[in-house]
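Encoded as structure tokens, the structure appears first; notes follow it.
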Amino acid sequence: MRAHLRKVTSSALLQPDGEVWLDAKTEQIALTGVPVSMQPTAFIANSWTGKKVGVVDSLRFSALHNGESLALRLEWADPSEDLDIDDNDHFPDGAAVLFPFAAGAPLITMGSADQPVNAWHWRADRPGEAHNNTARGIGTTRVTKGAEIQTSARYEDGHWKLVFLRALRRDGIDSTVQLTAGQTTQIAFAVWEGSNGERGGLKAFSPQWHELSID
Amino acid sequence: MAKSRTGRMIDGAVHRPRRQLAMVFDLNKCLGCHTCSIACKTQWTGDEGMENMWWTVVNSLPGKGTPKDWEQMGGGFDAEGNAKPSRLPSREEFGEAWKFNHEEVFAGGKGSSTHLKPNSNPRWGPNWDEDEGAGEYPNSYYFYLPRICNHCTHPACLEACPRDAILKREKDGVVLINEKNCKGYRFCMEACPYKRIYFNPLKDTSQKCIFCFPRTEKGVAPACARQCPGRMRFVGYLDDEQGPVHKLVHEYGVALPLHGEYGTDPNVFYVPPLSPPRLDEEGRIVEEEPRIPADYLRHLFGPRVDGVLAKLQEEIAKKQRGEGSELLDTLIVYSWPKDIFPDFAQDPAELPVHASGGQQR
């Protein structure tokens with residue numbers, strides 16, 4: 001995927017239905033459920049044996065930037081809009097994009113001790129801002145402040161449309177990836193379907209890194 | 001990141017803490033007054049997001065308990081040690097913190113035309129089936145079962161958490177949720193076979209009984225135990241041979257785990273309830289048949305319960321004959337607090353108040 005340059009405001013990029021996205025190139029990203037055998041505890045594995053993990057099987061991905069900020073647009077089909085954690089068995093819909101801090105970080109294990117990864121994590125019950133996570137292996141995500149990843153999401157006609165927007169550079173914040181025009185990095189995706197009880201490692205994800213070139 | 005080992009099954013053996021704090025609840029002394037619940041609520045669960053939490057509850061048995069029908073939900077381990085699936089209890093099954101029409105009744109001028117009632121129309125709540133019990137008159141019966149987190153030797157919650165957010169302390173076996181690591185996934189809540197973990201939707205974390213560790217670290221008994229008017233909550237280290245907890249669990253063997261078959265090796269033990277004899281159809285006493293069916297107590301406390309009840313009866317008979325009974329003397333608690341929690345007899349009111357705010361929560 002190439003994130004083309006568009007001379008528009010960041011707030012225009014942040015609109016999931018904004019005009020700027022109409023002619024943006026989209027790429028279909030296949031997602032697969034995290035296998036039960038990879039779930040980090042026996043309880044989770046035993047509880048999900050024979051059940052479908054990761055019910056969202058694909059998403060459409062677009063990317064643009066305006067020289068200052070990078071915008072990533074995700075759209076996927078989801079028959080139910082799950083917005084809250086008001087009851088113990090309510091889990092919200094969610095999505096994340098993942099970047100390696102340096103090329104070669106392992107995706108399947110969410111990074112490693114020496115090769116951390118950076119996840120921008122949106123949840124339907126937390127509108128407006130994505131959590132910036134760093135991870136050094138399964139079960140190690142840590143939320144840190146200062147990355148300032150904005151989100152805007154719309155649920156319409158059985159689809160979620162979501163934009164992540166972040167300044168390319170976040171100088172002085174070393175817990176999030178630094179991006180520059182002209183750079184090619186890697187990106188991966190995850191989607192959680194709340195109505196299926198998906199949270200944590202119970203999710204659909206893209207099992208390979210995809211290239212992301214910023215014009 | 002290295003996982004803490006305490007409380008985990010590693011190579012077929014559970015890694016035990018150096019010492020284990022435990023409680024014994026003497027069900028023959030529980031009044032069902034809920035002072036324990038209020039003491040805990042006042043101490044720990046007053047914040048927003050915690051309104052519906054009762055880290056200690058007192059259920060009337062037989063009954064559906066808190067949350068409703070928790071015994072049918074699942075969790076814990078099977079006989080081979082495999083983690084068992086469960087379902088998540090809903091807020092309604094735990095019972096919501098209802099809002100009442102205080103304003104209308106006390107200030108709205110309707111004090112004589114309406115009554116104090118919840119603003120919602122609840123169909124379940126904590127202690128919804130209080131004092132209902134079972135059986136037909138004159139053989140109806142019930143008893144009280146106080147419940148807290150069992151601070152299990154092999155906690156299902158700890159094993160279920162994918163984030164290592166639950167730890168079992170090496171120094172005293174207390175099981176705690178590290179809220180900094182918790183992301184509110186609720187696998188712990190699901191895996192706990194006793195369903196003693198709550199979810200705080202405002203903090204997006206799970207929360208539960210902490211065995212009042214900030215108190216025990218100062219030699220003060222947990223709030224539920226110190227405030228218990230029936231003086232039925234014994235507190236101590238399981239390996240303290242001079243203490244009442246060790247004596248009741250290991251020496252006299254009269255305190256039993258609740259649903260030991262759940263496989264988590266709980267550290268709250270119960271002295272099972274004695275009951276008066278049944279009456280037959282002519283109203284005659286049937287001495288050999290206790291009113292609480294033995295099968296029901298076996299279901300709760302396992303096959304050893306018959307022997308325990310027989311032993312309690314024998315000791316009572318000894319005492320009635322004027323002979324001594326160390327066991328009964330232990331259960332009676334002649335001298336409070338040293339006979340009931342000897343290592344935690346410190347009066348919290350006599351602790352120095354620290355400049356940082358001292359005895360506040």
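Proteins get letters first, then strands, A, B, ... in listed order; numbering begins at 1 in each.
For Asp89(A) (side chain) and Ser90(B) (main-chain N/O), no donor-acceptor pair under 3.5 Å exists by modelled atom type. Asn88(A) places a side-chain N or O within 3.5 Å of a backbone atom of Pro89(B) that can act as its donor or acceptor partner.
For a residue to count as touching a neighbouring chain, one of its non-hydrogen atoms must lie under 4.5 Å from one of that chain's; by this rule Phe94(B) touches chain A with the side chain only. Proximity to chain B is limited to the backbone of Asp86(A), based on heavy atoms less than 4.5 angstrom apart. With a 4.5 angstrom heavy-atom cutoff, Ile44(A) touches chain B only via side-chain atoms. Heavy atoms of Asn82(B) lying under 4.5 Å from chain A belong to its backbone as well as its side chain.
Separating the CZ atom in Arg142(A) from the CG atom in Asn181(B) is a distance of 4.0 Å, to the nearest 0.5 Å. In this structure, the separation between CD on Glu93(B) and CG on Asp87(A) is 8.5 Å, given to the nearest 0.5 Å. Expressed to the nearest 0.5 Å, how far OG1 of Thr41(A) lies from CZ of Arg8(B) amounts to 9.5 Å. For the atom pair CG of Asp125(A) and CG of Asp204(B), the computed distance is 6.5 Å after rounding to the nearest 0.5 Å. To the nearest 0.5 angstrom, Phe187(B) atom CZ is 7.0 Å from Gln39(A) atom CD. Between Phe43(A) atom CZ and Cys161(B) atom SG the span is 11.5 Å, to the nearest 0.5 Å.
Looking at every heavy atom in both residues, Arg199(A) comes nearest to Glu190(B) through NH2-OE1, 2.8 Å.
The contact list for residues 107-123 of chain A toward chain B, using heavy atoms and a distance under 4.5 Å, reads Arg123(A) by residue number.
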* Check against side-chain contact (heavy atoms from CB on, under 4.5 Å), His90(A) and Leu88(B) -> CA-CA 10 Å; His90(A) 287 199; Leu88(B) 278 164; over 6 Å; no

* To do: Go through Arg163(B) and Thr141(A) one step at a time and tell me if the side-chain hydrogen bond (donor to acceptor under 3.5 Å, both in side chains) criterion holds.
  => CA-CA 8 Å; Arg163(B) 295 184 54 78; Thr141(A) 50; 2.7 Å; yes

* Going through the checks in order, is the side-chain hydrogen bond (donor to acceptor under 3.5 Å, both in side chains) test met by Lys84(B) and Ser47(A)? -> CA-CA 7 Å; Lys84(B) 289 169 70 178; Ser47(A) 300; over 6 Å; no

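In this structure, Asp171(A) places its CG atom where more than 12 heavy-atom neighbours from other residues, nucleotides or ligands lie under 6.0 Å away. Remark: Arg87(B) CZ is packed, more than 12 non-hydrogen atoms of other residues, nucleotides or ligands lying under 6.0 Å away. Counting heavy atoms of neighbouring residues, nucleotides and ligands inside a 6.0 Å radius, atom CD of Gln28(A) exceeds 12 of them. Surrounding CD of Gln183(A) are more than 12 heavy atoms belonging to other residues, nucleotides or ligands, all under 6.0 Å away. The number of heavy atoms from other shown groups lying within 6.0 Å of CD (Glu48(B)) does not exceed 12.
Highest contact tally toward chain A, considering only Met189(B), Lys180(B), Glu92(B), Arg186(B), is held by Arg186(B) [criterion: heavy-atom pairs under 4.5 Å].
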